Amino acid sequence: MGASQTAPFNAAEIGRRCEEVLWTPSEKPDEQRAALQEMEDYVRLLAPLLARLLPRMQEGMQGTARIVLRDANELLDGEAPSADLATRLHDAGTNARSLLALLERPGALAPSL
């Protein structure tokens with residue numbers, strides 16, 4: 001993965017949307033709900049990609065990736081304690097951005113088998 005050009009998704013667009021959600025969130029509940037759905041969709045897209053890359057990552061990066069993947073699972077868990085909409089949106093945007101960052105810059109990778 002590494003470079004945005006080789007990723008099976010539009011990394012630049014995902015990054016832009018995450019930044020918008022995190023730095024200039026809407027105050028309108030309908031727009032917040034739509035943005036939350038979008039961020040959760042990004043998490044659903046990116047988490048499996050990172051999970052597949054994780055075994056090739058160096059130990060330190062693996063630890064970080066495991067934490068981000070755990071947070072993704074908690075975020076998407078239907079049984080997760082519900083927080084207010086703005087908090088959930090921020091958490092989803094942060095997680096999507098973290099997943100993207102690890103996919104774009106995973107560090108040195110072991111060769112694929």
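Given the structure is predicted, the values throughout are model-derived calculations rather than measurements.
The heavy-atom pair separating Gly15 from Arg97 by the smallest distance is CA-NH1, 4.4 Å. Closest approach of Gly93 to Met39, counting heavy atoms only: CA-SD, 3.8 Å. In terms of heavy-atom proximity, Ala108 sits nearest to Gln58 at CB-NE2, 3.3 Å. Shown here for Val43 and Ala72, the closest heavy-atom pair between the two residues is CG1-CB, 3.7 Å.
Between Tyr42 and Leu99 there is no side-chain heavy-atom pair separated by less than 4.5 Å. Taking the side chain as every heavy atom from C-beta outward, Arg88 and Asp84 never approach each other to under 4.5 Å.
There is a path of hydrophobic side-chain contacts, each under 4.5 Å, that joins Leu45 to Leu75. In this structure, Ile67 is not a member of the same hydrophobic cluster as Met57, with clusters built from ILVMFWY side-chain heavy atoms closer than 4.5 Å. Leu36 and Leu22 sit in two unconnected hydrophobic clusters of ILVMFWY residues. Membership requires side-chain heavy atoms under 4.5 Å apart, directly or through other members.
Taking CG of Leu89 as the start and CD of Gln37 as the end, the distance is 11.5 Å to the nearest 0.5 Å. Distance check, rounded to the nearest 0.5 Å: CD of Glu74 to CG of Leu69 gives 11.5 Å. Within the model, atoms NE2 of His90 and CG of Leu85 stand 13.5 Å from one another, a figure rounded to the nearest 0.5 Å. Here CG of Leu76 is found 5.0 Å from CZ of Arg44. Values are rounded to the nearest 0.5 Å.
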Item to check | Worked verdict on Asn95 versus Ser98 for side-chain hydrogen bond (donor to acceptor under 3.5 Å, both in side chains) | outcome: CA-CA 5 Å; Asn95 189 255; Ser98 297; 5.6 Å; no
Item to check | Intermediate values then yes/no, side-chain contact (heavy atoms from CB on, under 4.5 Å), Asn73 and Arg70 | outcome: CA-CA 5 Å; Asn73 286 335; Arg70 183 198 65 215; 5.6 Å; no
Checklist entry - Which is it for Arg17 and Glu20 under the salt bridge (Lys or Arg N to Asp or Glu O under 4.0 Å) test, yes or no, and what are the steps along the way? => result CA-CA 5 Å; Arg17 287 295 297 137; Glu20 285 177 7; 2.4 Å; yes
Next on the checklist: Using side-chain contact (heavy atoms from CB on, under 4.5 Å), reason through Leu53 and Leu102 one step at a time and then give a plain yes or no.
Outcome noted: CA-CA 10 Å; Leu53 188 63; Leu102 284 166; over 6 Å; no
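One N or O on the side chain of Gln62 and one on the backbone of Leu54 form a donor-acceptor pair closer than 3.5 Å. Of the possible polar contacts, one joining the Gln32 side chain to the Ser26 backbone as a donor-acceptor pair under 3.5 Å is found. A donor-acceptor pair is defined here as one N or O able to donate and one able to accept, closer than 3.5 Å; no such pair exists between the side chain of Arg56 and the backbone of Leu109.
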